[in-house]
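Just so it is clear, the values below take in all heavy atoms, side chains as well, and ignore hydrogens, waters and symmetry mates. Chain identifiers are assigned alphabetically (A, B, ...) following the order of the sequence lines, protein sequences preceding nucleic acid strands; residue numbering begins at 1 within each chain.
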Amino acid sequence: MQYRPTDIEPKWQQRWAEAKVAEIDVTAPGRKLYMLNMFPYPSGDLHVGHGRNYILGDAVYRYYRMQGRAALNPMGWDAFGLPAENAAIKFGKHPREWTLGNIQRMKKQFGRWGILYDWSKEIASCEPEYYRWNQWLFLQLHKRGLAYRGTAPVNWCPQDQTVLANEQVIDGRCDRCGALVEQRELSQWFLKITEYADRLDAGLDTLTHWPEKVKLMQRNWIGRSLGADVDFPVPALGHPIRVFTTRPDTIFGATFMVLAPEHPDVAALIADHPDRDEIESWITAVRNQSALERQEAGKEGRFTGKTAVNPFSEEEIPIWLGNFVLPQYGTGAIMSVPAHDQRDFEFAKQYALPIRVVIAPQGGEAAGDADLAEAYIVKDDSGVSVRSGPIDGLPVPQAIERTIAIIEERGIGKGTVRYRLRDWLISRQRYWGTPIPMLYCDRCGLVPVPEEQLPVTLPLDVPFTGREGNPLAKHETFVNATCPQCGGPARRETDTMDTFVDSSWYFLRFVTPRDEQRIFDPEKVNRWLPVDQYIGGIEHAILHLLYARFITHALHDMGLTSFEEPFTNLFNQGVITKEGFKNPQGSWVSPDEVEWRDGRPFRGQEELTAEVTKMSKSRLNVVPPDELIARYGADTERVYTLFIAPPEKEAAWSDDGVVGAFRFLGRVWQMGQQILEAAPTPGLQAPTSITRKMHQTISAVTSRIERFEFNTAISALMEFSNALGDAVQAGGGAGLRAPYEALLQLLHPFAPHMTEEVWSMLGNEEFVLTSAWPVADPALMQEETVVIAVQVNGKLRGQVEVPAPADEQRVWAAVDAHERVRTWLEGKEIVKKIYVAGKLVNVVIR
RNA sequence: GCCCCGGUGGCGGAAUCGGUAGACGCAGCGGACUUAAAAUCCGCUUUUCCGAAAGGGGAGUGCCGGUUCGAGUCCGGCCCGGGGCACCA
């Protein structure tokens with residue numbers, strides 16, 4: 001019988017769905033395992049690039065099931081968001097309808113891949129039964145001062161007509177639509193993630209099973225800096241201006257001060273300046289610049305005409321305004337040390353401000369003030385302080401420490417830790433999101449919606465006319481409400497929440513998804529969380545994972561959970577790439593239209609350029625799974641996807657490469673038919689070499705799955721299958737049933753349908769419910785012979801085989817018995833014999 | 001600019017501890033089966049030299065140097081590619 005995946009796959013998929021094999025009772029006993037793939041945004045059809053994430057997760061889940069773990073593997077939908085709204089404007093379809101339709105299609109696709117999820121726990125963030133808890137969470141945060149309304153310069157996307165979080169601005173552009181982001185001063189809702197900056201930073205040290213790369217990205221994002229706050233007296237103001245510096249040791253070199261144009265003292269400083277109007281218009285211009293424009297403008301500044309007093313050198317230093325000083329970081333004011341900071345150096349050169357060298361190389365001469373071509377920057381003890389009074393001669397680290405001590409003794413400041421992290425802006429002026437449960441009452445001001453009135457339901461009857469701001473704001477019955485405090489008229493908040501709020505706690509909801517009384521059942525959540533294995537794309541390394549960690553810490557502090565960190569093991573898979581084609585105008589061309597001439601791609605007269613990029617609809621380089629499955633089956637796609645490359649790496653999809661996986665599965669299938677046909681021969685054992693290979697393979701595949709090395713796990717299975725195939729070829733299937741069944745078991749997480757079918761043909765009970773993971777016997781893994789390499793002067797001169805286990809006597813006997821090797825050794829003095837791991841021995845001669 | 005990660009055949013990649021580099025797969029070449037094609041199966045496949053063959057020699061993991069009996073793997077210095085952050089004081 002031929003291997004025909006299309007005949008067998010739908011049958012098993014239906015069987016698994018009917019038997020609800022992945023449904024798990026969260027109160028059932030057993031050693032728990034919480035597996036989770038990041039829940040997707042339901043954007044529509046899935047392609048093979050998306051498949052990698054889910055196929056990988058399913059393989060791991062099936063493996064742990066076979067290991068007997070009580071495994072929870074739920075799935076849901078990150079269902080709010082901008083694309084649904086844009087689709088509504090474009091196609092005239094309600095975002096809800098569009099979203100739910102996509103969910104149905106994607107769910108079907110998961111089924112066709114043979115992926116098992118516990119659908120009884122499905123959640124969609126756009127449903128009131130989910131987002132009411134989003135609102136509840138917001139109220140708890142508000143109660144604790146962790147949600148607040150504040151006015152701040154914010155990122156505004158003119159295209160999407162909404163504000164963006166800092167995390168959503170990439171190279172000064174909106175990460176959704178690519179429009180240049182503008183700065184606007186707006187009153188918005190924020191979550192106070194900065195309150196947790198220190199714990200989010202310190203917590204990274206406990207995440208020992210997270211990729212170093214992700215932890216590093218988070219660490220950089222949080223941006224912890226140690227330094228000092230120092231007050232510089234300003235006679236003209238009557239109060240000092242506080243600066244933050246990470247290099248207090250260079251304070252004797254601080255020859256001027258620079259304030260951000262937004263600094264609160266600026267107005268007072270320039271009040272009597274003769275060119276006040278010019279300075280003010282310059283400030284306005286700088287404030288209206290986007291972050292990108294501000295940087296591209298280069299360093300610009302204005303002199304306020306006032307001075308501050310350097311508290312260490314006691315000199316009067318000029319106070320400048322500078323576009324390169326950020327209002328949001330530190331105190332919005334800096335002491336400038338041009339000799340030892342490149343930015344200050346450039347500013348000093350531009351405006352001819354004094355430069356003073358106060359650090360010299362250890363054991364060397366300090367550079368002359370006028371001689372520097374760039375700032376001299378040393379942060380370790382290869383630099384020492386000079387011309388710095390009480391810290392003269394101290395290496396940099398000690399000089400920093402000493403200076404902070406002096407600052408604190410004199411009461412003019414203190415050692416400080418500062419973070420780059422800013423508060424999380426969650427207001428969105430969009431319709432398709434969770435309404436923020438707040439009211440504006442003319443009499444009582446800002447009033448939270450009482451918990452018992454939740455959910456604040458998102459009205460469905462709104463018109464989608466296009467770009468006129470948030471349609472919610474025009475919905476009369478939504479906007480007009482009653483104040484719960486005074487009973488008077490109130491206006492509802494019409495901003496909705498950033499969808500990253502929805503995804504910052506969804507993994508907690510999966511345990512008790514239908515609980516109508518509370519956000520989750522703490523007892524059950526404390527049993528199942530943290531998530532044991534979280535799997536998703538590297539693009540979430542900062543945003544989602546940082547927000548989820550923040551909310552989990554906050555819920556812990558509310559006494560709702562016993563854990564602070566949500567994800568114990570994290571795995572980030574790499575993207576799938578494919579060749580795409582661009583015409584000379586730079587737009588993408590469908591591969592169907594490409595003609596190859598002399599090995600170069602053309603469309604008509606236009607020569608195209610080929611580019612390997614991330615698989616995506618817009619680049620016209622997606623491979624839809626349907627055709628692939630119709631031709632080769634889902635098992636082939638699964639095996640190929642996992643075999644293609646190490647899963648954390650980027651991988652280029654090759655249509656040619658797929659057949660290798662199909663052939664492999666076909667051979668395993670064919671072998672099954674032969675074994676089935678073989679006459680039963682009682683007492684006949686598999687050859688020792690096959691048994692040994694079986695145990696070696698069990699051991700290899702087990703450890704490789706646990707380490708997420710699926711590509712080599714599959715290559716080990718191919719090797720075993722090749723060896724078993726040779727044995728079947730040589731002696732028929734008789735006696736090979738046991739190793740063959742082990743092969744099926746090991747292959748099952750990767751190719752569940754085919755292995756299930758053959759398993760049942762062999763007369764076994766249903767695989768997915770009953771089959772256990774095989775165990776390797778180390779004693780039976782040992783090779784019977786050990787190969788010994790003989791080296792002379794570092795050159796390999798021959799190999800001899802020694803019966804295992806190899807000992808010295810046997811090695812020399814084997815060398816003697818090997819004519820060629822013996823010839824090499826004759827007359828030479830043996831210097832050293834090295835035994836390695838009891839396996840390979842080199843005899844070294846000099 | 002700062003930080004991080006890589007560089008191995010025509011290609012994807014393998015090589016738990018420093019121990020026969022190139023497993024496994026794709027593509028390619030040769031062959032079997034077939035009226036033919038597809039499918040399938042078998043063999044070869046880093047490179048170069050000697051040899052009719054069996055077989056044997058040399059070189060080889062981005063470059064230069066070091067440690068070691070032995071280096072893709074460890075150390076130092078470069079070159080190239082990718083990613084993250086980006087005026088964060």
**Request:** Select one nucleotide: of B:G13, B:A89, B:G25, the one nearest the side-chain heavy atoms of A:Pro646.
**Result:** B:G13
**Request:** Determine the contact category for A:Ser654: base if any of its heavy atoms lies under 4.0 Å from a base atom, sugar-phosphate if only primed atoms, P, OP1 or OP2 are that close, otherwise nothing.
**Result:** nothing
**Prompt:** For A:Trp210 and A:Gln218, does a side-chain donor sit closer than 3.5 Å to a side-chain acceptor?
**Reply:** no
**Prompt:** Where does B:G66 land, syn or anti, given syn is within 90° of 0?
**Reply:** anti
**Item:** Nucleotide forming a Watson-Crick or wobble pair with B:A59, both distances under 3.5 Å
**Value:** B:U46
**Message:** What is the separation between atom CD on A:Gln218 and atom P on B:C4, rounded to the nearest whole Å?
**Reply:** 18 Å
**Prompt:** Below 4.0 angstrom, N of the basic side chain to O of the carboxylate: do A:Lys215 and A:Asp205 qualify?
**Reply:** no
**Salt bridge flag under 4.0 Å for residues A:Glu346 and A:Lys349** = no
**Message:** Nearest 0.5 Å, please: how far is OG1 in A:Thr331 from NE2 in A:His263?
**Reply:** 5.5 Å
**Nucleotide nearest A:Lys299 (side chain, heavy atoms from C-beta), chosen from B:A89, B:C24, B:C87** = B:C87
**Message:** Base, sugar-phosphate or nothing for A:Lys649? Non-hydrogen atoms, less than 4.0 Å.
**Reply:** sugar-phosphate
**Request:** Starting from P on B:G84, measure out to CD on A:Glu650 and report it in whole angstrom.
**Result:** 11 Å
**Prompt:** What's the closest nucleotide to the A:Ile644 side chain, out of B:G12, B:A86, B:A89?
**Reply:** B:G12
**Residues which pass salt bridge (charged side-chain N to carboxylate O under 4.0 Å, His left out) with A:Glu677, listed by chain and number, not counting sequence neighbours** = none
**Message:** Can you work out whether A:Ser715 or A:Glu709 has the more 5'-proximal nearest nucleotide on RNA chain B?
**Reply:** A:Glu709
**Under 3.5 Å on both distances, the Watson-Crick or G-U partner of B:G22** = none
**Request:** Round to a whole Å and report the spacing from CD of A:Glu212 to C1' of B:G83.
**Result:** 16 Å
**Request:** Taking atom P in both B:C49 and B:A53, compute the distance separating them and give it to the nearest angstrom.
**Result:** 14 Å
**Gap in Å between the two C1' atoms, one belonging to B:C24 and one to B:A14, rounded** = 7 Å
**Asked** When the distance from CZ of A:Phe664 to P of B:C26 is rounded to whole Å, what number comes out?
**Response** 12 Å
**Ion pair A:Lys693/A:Glu719, N-O distance below 4.0 Å** = yes
**Asked** In whole angstroms, how far is the P atom of B:A39 from the OH atom of A:Tyr3?
**Response** 17 Å
**Item:** Below 4.0 Å: OP1/OP2 of B:A89 and any side-chain N or O of A:Ser225
**Value:** yes
**Prompt:** What integer distance in Å separates A:Arg219:CZ from B:C2:P?
**Reply:** 21 Å
**Prompt:** To the side chain of A:Arg707, which of B:U16, B:C85, B:G13 is closest?
**Reply:** B:U16
**Asked** Which nucleotide sits closest to the side chain of A:Glu719: B:A86, B:C24, B:C4?
**Response** B:C24
**Item:** Counterpart residues, side chain to side chain donor-acceptor pair (under 3.5 Å), relative to A:Trp669 (two or more places apart)
**Value:** none
**Same-atom distance (C1') from B:G30 to B:G55, integer angstrom** = 23 Å
**Request:** Kindly point out which of B:G25, B:C87, B:A89 is positioned nearest to the side chain of A:Phe643?
**Result:** B:G25
**Request:** For B:C17, measure the glycosidic angle (O4'-C1'-N9-C4 for a purine, O4'-C1'-N1-C2 for a pyrimidine) and name it syn if it falls within 90° of 0, otherwise anti.
**Result:** syn
**Complete:** Answer for the Watson-Crick or wobble partner of B:A38, both distances under 3.5 Å, is none
**Request:** Would you mind telling me which of B:A27, B:G12, B:A15 lies closest to the side-chain atoms of A:Asp656?
**Result:** B:A27
**Asked** Expressed in whole Å, how much space separates the P atoms belonging to B:G62 and B:G81?
**Response** 16 Å
**Asked** Which listed nucleotide (B:C87, B:A89, B:C24) is nearest to the side chain of A:Thr245?
**Response** B:A89
**Message:** What is the separation between atom CZ on A:Phe750 and atom P on B:G25, rounded to the nearest whole Å?
**Reply:** 16 Å
**Item:** Pairing partner of B:A89 (Watson-Crick or G-U wobble, both distances under 3.5 Å)
**Value:** none
**Message:** I want to check a possible cation-pi pair here: A:Arg418 against A:Phe244, using under 6.0 Å from ring centre and within 45° of the ring axis as the test.
**Reply:** yes
**Request:** Classify the nucleic acid contact of A:Leu216 as base, sugar-phosphate or nothing, counting any heavy atom under 4.0 Å across all strands shown.
**Result:** sugar-phosphate
**Message:** Taking the ring centre of each residue, are A:Phe345 and A:Phe347 less than 6.0 Å apart?
**Reply:** no
**Message:** Suppose you measure atom C1' in B:U73 against the same atom in B:C17; what distance do you get, rounded to whole Å?
**Reply:** 11 Å
**Comparing A:Met217 and A:Met718 on RNA chain B - which has the more 5′ nearest nucleotide** = A:Met718
**Separation between the C1' atoms of B:A86 and B:G65, rounded to whole Å** = 36 Å
**Asked** What distance, rounded to whole Å, do you find between the two P atoms, one in B:A37 and one in B:A32?
**Response** 12 Å
**Asked** Heavy atoms under 4.0 Å, any strand shown: does A:Val243 hit a base, just sugar-phosphate, or nothing?
**Response** nothing
**Item:** C1'-based separation of B:G57 from B:A23 [nearest Å]
**Value:** 26 Å
**Asked** In whole Å, what is the span from the CG atom of A:Asn220 to the C1' atom of B:C5?
**Response** 14 Å
**Prompt:** Any side-chain donor-acceptor pair under 3.5 Å between A:Asp249 and A:Ser385?
**Reply:** no
**Request:** For B:G6, give its Watson-Crick or G-U wobble partner with both distances under 3.5 Å, or none.
**Result:** B:C80
Strictly under 3.5 Å: I want the nitrogen or oxygen pairs between protein and nucleotides 40-42 of chain B, one per line.
residue, atom, partner, partner atom, Å
B:C41, OP1, A:Arg667, NH1, 3.4

**Asked** Within the pair A:Asn722 and B:A23, is there a side-chain N or O less than 4.0 Å away from OP1 or OP2?
**Response** no
**Distance (rounded to the nearest 0.5 Å) between A:Met694 CE and A:Ser689 OG** = 12.0 Å
**Prompt:** Paired with B:U16: which nucleotide, if any, by Watson-Crick or G-U wobble criteria at under 3.5 Å for both distances?
**Reply:** none
